[in-house]
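So the structure is just underneath, and the comments pick up after that.
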Amino acid sequence: MMNKNEIAAVLVEIAEILEIKGENPFKVRAYYNAARTLEGLTEDLSALIQSKQLTELPGIGKNLADHIIELHQTGKLKEYDKIIKSVPEGIFEILKIPGVGPKKVRVLWEKLGITSILHLEQACHQGRVAHLEGFGEKTQSKILEGIAQIEKHSGQFLYAVADDLAQTILKKLEKHPKVERASIAGSLRRCKEVVKDIDIVAATEDPKKVMDLFVKLPEVEKVIAHGETKSTILLKLGIQADLRCVSDKEFPYALHHFTGSKEHNVALRSLAQDKKMKMNEYCLFDLKGKTEKLIPCKDENEIFAKLGMEYIPPEIRENMGEIEAAQKHKLPKLIESKDVRGLLHCHSTWSDGTASIERMAEGVKALGFEYIGVADHSAVAKYANGLTPERVKEQFKEIDALNKKLKGLHIFKGIEADILPDGEVDMGEKVLNSFDYVVVSVHSKFNLTSAEMTKRVIKAIKNKYVHILGHMTGRLLLRREGFALDIKAVIDACADYGVAIEINANPLRLDIDWRHIPYAKEKKAMLIINPDAHSVSGLEDYEYGVSIARKGWLTADDILNTRSALEIMKWLKRK
DNA sequence: GCCGTTTTCGGCCCGACTGTTTTCAGTCG
């Protein structure tokens with residue numbers, strides 16, 4: 001049995017192999033398209049198979065439907081087993097190097113017998129790659145840079161990936177009768193955008209039994225350590241997970257300790273010392289009397305209270321001023337998911353989304369929201385099927401009709417317009433003015449100098465039709481650094497010209513970086529949590545944006561889309 | 001491999017950029 005995402009991953013692998021083998025590029029694309037359709041699927045796959053409706057999905061014909069059914073029902077695919085044997089395993093990692101695509105992989109493999117990154121790195125150092133036809137000195141050094149980048153990020157995982165897996169494991173542990181309570185700890189609990197492992201703390205009087213369950217989980221690839229109170233496993237995705245078992249009494253201290261950050265803990269322990277107390281991972285002691293006296297705490301809340309401060313949410317435990325603020329009882333009331341009332345910046349099938357506006361709207365409604373903003377790509381983004389002015393008019397008609405039809409939900413007409421290399425905004429004033437709102441983002445020419453890029457982006461911010469600055473740096477976590485940009489200058493401009501700064505909640509972006517958010521708040525810039533959803537399930541990504549907003553100390557008042565549709569309309573029209 | 005009011009064959013998105021070349025191939029979004 002395989003779920004839709006696992007099946008999609010197999011189809012992608014097949015596509016990659018076909019590409020390397022130089023198969024018909026349209027056949028290759030058919031596999032990619034089918035994978036994408038599956039990932040964006042909202043209907044239940046089993047039901048679709050049963051009612052024989054699979055071939056009604058876009059991009060899925062007889063052949064791919066058969067493949068999908070075979071994978072879904074048996075977890076295997078004969079054709080895949082055959083084709084996977086025809087290429088060496090290591091080529092997939094070579095394909096991940098930026099600038100190296102299927103054609104280059106094939107040449108490296110055929111001409112130099114290179115089948116792994118390690119091989120490739122050696123060959124580059126020996127200068128053998130530069131001599132290949134179609135390659136050269138620059139390609140060779142770019143490959144080395146790419147490998148260095150991959151190695152720098154290796155052992156790191158996107159928050160969303162790690163969190164998914166961690167929640168699955170946590171649920172299984174919590175079900176164990178001997179587990180009294182359990183929680184995720186570490187950087188994952190602090191909602192860091194990338195994490196290197198999963199930390200879990202469990203309270204139990206029978207650690208041995210709980211540890212046994214942990215090391216025998218079906219997700220385990222390898223047991224690295226298996227002790228009485230601490231075990232480490234390597235999960236199949238390559239992520240390590242640590243479990244620490246403590247008694248129920250010790251649990252609050254252990255949870256706090258293993259949540260960190262290290263810097264936060266050091267600062268807090270030194271503060272405890274000042275107050276004649278001692279803190280470690282198992283308890284809090286009162287040192288005022290002649291003998292050490294245990295200070296009982298039933299949860300983290302009490303620990304902070306005993307230390308004379310208000311509760312510090314895990315997201316902001318980075319020793320960036322939270323301890324001082326908590327002592328003065330001046331921590332902001334951080335935004336929560338329930339504060340968000342609608343989602344702007346969503347894509348539809350009008351550009352590169354996988355769902356119609358109606359389905360996206362229904363998805364937003366199902367999440368309990370009051371409004372959705374459709375912001376498809378603009379004309380210049382041809383690769384993403386960007387809207388032409390003519391198609392914009394048609395899209396408006398569809399939205400108008402849906403607004404009449406759908407009760408209790410308002411659809412805003414937006415556009416994600418490209419910031420052109422010279423800072424002009426795609427589509428021109430007249431078209432831009434016809435939208436309820438305009439999101440602007442950079443999607444091209446990433447290699448400008450910081451000064452050039454800053455000038456370009458600020459010019460777009462000054463455009464009077466612009467309301468929101470999308471994914472400020474264009475970063476893709478663990479894949480691509482953001483482009484060079486004077487972030488403070490850009491934040492200043494957003495604050496001055498009343499442009500809201502997007503917290504792009506796509507787990508691969510989480511852009512603007514939370515470290516810059518306090519500066520934006522200081523400058524009184526408006527922020528907005530946008531899922532940048534390309535599918536119905538992508539709408540739920542807004543929650544990652546909430547976590548990032550919390551890491552940036554933001555309250556509901558700091559975020560535009562905690563307001564009602566009416567208030568949003570007013571805000572958009574104030575320009 | 002998919003698709004079809006130009007329909008069962010023949011097209012399928014396309015332009016920018018880079019580095020390799022001397023007119024283009026590969027990669028990317």
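Below, chain A is the first sequence line, B the second, and so on; all start at residue 1. All figures in this text were calculated on a predicted structure; none of them were measured in a lab.
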Notebook entry, point to check: Are A/Asp513 and A/His516 side-chain neighbours, meaning at least one heavy-atom pair lies under 4.5 Å?
Noted result: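 When only atoms from C-beta onward are counted, A/His516 and A/Asp513 do touch, with a gap below 4.5 Å.
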Margin query: Less than 4.5 Å apart, side chain to side chain, heavy atoms only: is that true for A/Leu343 and A/His345?
Written below: no
Using a cut-off of 4.0 Å on non-hydrogen atoms, how would the nucleic acid contact of [X] be classed: base, sugar-phosphate, or nothing?
{"X": "A/Val380", "answer": "nothing"}
{"X": "A/Leu57", "answer": "sugar-phosphate"}
{"X": "A/Glu133", "answer": "nothing"}
{"X": "A/Arg480", "answer": "sugar-phosphate"}

Note to self: Looking at B/dC17, I'd like to know if its phosphate oxygens (OP1 or OP2) sit under 4.0 Å from a side-chain N or O belonging to A/Ser444.
What the structure shows: no
Item checked: Parallel, tilted or perpendicular, as decided by the 30° and 60° cut-offs, for the rings of A/His377 and A/His534 -> tilted
If we take the [atom1] atom in both [N] and [M], what is their distance in whole Å?
{"N": "B/dG4", "M": "B/dT8", "atom1": "C1'", "result": "9 Å"}
{"N": "B/dG10", "M": "B/dT6", "atom1": "C1'", "result": "12 Å"}
{"N": "B/dG15", "M": "B/dT22", "atom1": "P", "result": "26 Å"}
{"N": "B/dC14", "M": "B/dT20", "atom1": "P", "result": "29 Å"}
{"N": "B/dT21", "M": "B/dG26", "atom1": "C1'", "result": "13 Å"}

Are there any protein N/O atoms within less than 3.5 Å of an N/O atom in nucleotides 8-10 of chain B, and if so, which ones and at what distance?
none

Among the nucleotides [options], which one has an atom lying closest to any side-chain atom of [X]?
{"X": "A/Leu64", "options": "B/dG1, B/dG26, B/dG19", "value": "B/dG1"}
{"X": "A/Tyr383", "options": "B/dG29, B/dG26, B/dC17", "value": "B/dG29"}
{"X": "A/Asn63", "options": "B/dT27, B/dC14, B/dC2", "value": "B/dC2"}
{"X": "A/Pro102", "options": "B/dT27, B/dG19, B/dG1", "value": "B/dT27"}
{"X": "A/Tyr31", "options": "B/dG1, B/dG19, B/dT27", "value": "B/dG1"}
{"X": "A/Lys142", "options": "B/dG29, B/dG19, B/dT27", "value": "B/dG19"}

Whole-Å distance separating the [atom1] atom of [X] from the [atom2] atom of [N]:
{"X": "A/His131", "N": "B/dT20", "atom1": "NE2", "atom2": "P", "result": "12 Å"}
{"X": "A/Ile143", "N": "B/dT20", "atom1": "CD1", "atom2": "C1'", "result": "13 Å"}
{"X": "A/Leu132", "N": "B/dG19", "atom1": "CG", "atom2": "P", "result": "17 Å"}
{"X": "A/Lys138", "N": "B/dT20", "atom1": "NZ", "atom2": "P", "result": "7 Å"}
{"X": "A/Lys382", "N": "B/dG15", "atom1": "NZ", "atom2": "C1'", "result": "8 Å"}
{"X": "A/Arg36", "N": "B/dG29", "atom1": "CZ", "atom2": "C1'", "result": "12 Å"}
{"X": "A/Asp532", "N": "B/dG29", "atom1": "CG", "atom2": "C1'", "result": "13 Å"}
{"X": "A/Asp352", "N": "B/dC28", "atom1": "CG", "atom2": "P", "result": "18 Å"}

Next item on the list: Kindly indicate, with the supporting measurements, whether the criterion side-chain contact (heavy atoms from CB on, under 4.5 Å) is fulfilled by A/Ile49 and A/Gln73.
Entry: CA-CA 10 Å; A/Ile49 290 175; A/Gln73 288 172 349; 4.1 Å; yes
Next item on the list: Just name whichever nucleotide pairs with B/dG4, Watson-Crick or G-U, keeping both distances under 3.5 Å, else none.
Entry: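 Across any shown strand, B/dG4 pairs with B/dC9.
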Checklist line | Face-on cation placement of A/Lys192 at A/Tyr159 ring, 6.0 Å and 45° thresholds | finding: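 Ring-cation test returns no.
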Next item on the list: Give, ordered by number, those residues of residues 418-428 of chain A having at least one heavy-atom distance below 4.0 Å to an atom of DNA chain B; if nothing qualifies, reply none.
Entry: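 By residue number: none to list.
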Next item on the list: Under 4.0 Å from any atom of DNA chain B, heavy atoms only: list the residues of residues 4-28 of chain A that qualify, in numerical order.
Entry: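 DNA chain B contact set from residues 4-28 of chain A: A/Asn24, A/Phe26, A/Lys27.
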Item checked: Sole residue of A/Leu158, A/Asn506, A/Asp511 in side chain to side chain contact (heavy atoms under 4.5 Å, CB included) with A/Leu477 ->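 Testing each of A/Leu158, A/Asn506, A/Asp511 against A/Leu477, the sole residue satisfying side chain to side chain contact (heavy atoms under 4.5 Å, CB included) is A/Leu158.
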Note to self: Please compare A/Pro98 and A/Asn447 by the position of their nearest nucleotide in DNA chain B and report the one closer to 5'.
What the structure shows: A/Asn447
Next item on the list: Would you sort out whether A/Leu38 and A/Asn5 count as a side-chain contact (heavy atoms from CB on, under 4.5 Å), showing the intermediate values?
Entry: CA-CA 7 Å; A/Leu38 275 184; A/Asn5 290 331; over 6 Å; no
Check: Which pairs pass ring-ring contact (aromatic ring centres under 6.0 Å, His included) with one or both residues in residues 465-513 of chain A, sequence neighbours excluded?
Finding: A/His443-A/His471, A/Phe446-A/Phe483
Next item on the list: Count the heavy atoms belonging to other residues, nucleotides or ligands that lie under 6.0 Å from NZ of A/Lys455, then report whether that count exceeds 12.
Entry: no
Check: Under 6.0 Å between the ring centres of A/Tyr542 and A/Phe369?
Finding: yes
Checklist line | Qualifying residues under side chain to side chain donor-acceptor pair (under 3.5 Å), relative to A/Ser337, sequence neighbours excluded | finding: A/Glu543
Item checked: Distance-only side-chain donor-acceptor flag, A/Trp514 / A/Glu315, under 3.5 Å ->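 On atom types as modelled, these side chains do not qualify, holding no pair under 3.5 Å.
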Check: Can you tell me if A/Asp541 uses its side chain to pair, donor with acceptor, with the backbone of A/Pro531 under 3.5 Å?
Finding: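 Checked: no pair found.
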Next item on the list: Using the test salt bridge (Lys or Arg N to Asp or Glu O under 4.0 Å), find all partners of A/Asp426 that sit at least two apart in sequence or belong to another chain.
Entry: none
